[in-house]
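The structure appears right after this line, and notes come after that.
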Amino acid sequence: MATGGKVLNATGEFFRRRDEWRKHPMVGNQLRHATPGLGIAIVAFGIYLAGEAAYNRLYRPAGDNHH
C-alpha cells in the first residue's frame, strides 16, 4: 500500500472504474443549474402570498362575508 489507499481486487477495480461517471459534474444536480432563479422566485412568491393573506385579514370590509 504505497499509495495509502485501500487495495482493490480485480472486481472492485472493475466497478470503481464503471462508477466514475456518477461523480461527473454534468450528471448530478442538474435541476438547480437548469433553473437558476427558481429558488428565489418561490421564496418571493411565498412572501407575496403571506403578505396578501395578512392584508386581507387586516383590511377586510365589515360587510364582506365571502370566503
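Bear in mind the structure is a predicted one, so any value in this text is a computation, not a measurement.
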- Pairing residues for Y59 by the ring pair (Phe, Tyr, Trp, His ring centres under 6.0 Å) criterion, not counting sequence neighbours: Y55

- Task: Go through the structure and list residues passing ring pair (Phe, Tyr, Trp, His ring centres under 6.0 Å) with F45, not counting sequence neighbours.
- Result: none

- Item | CG/L58: more than 12 non-hydrogen atoms of other groups inside 6.0 Å | yes

- Residues joined to V43 in its hydrophobic cluster, side chain to side chain under 4.5 Å directly or through other members, sorted by chain and number, are I47

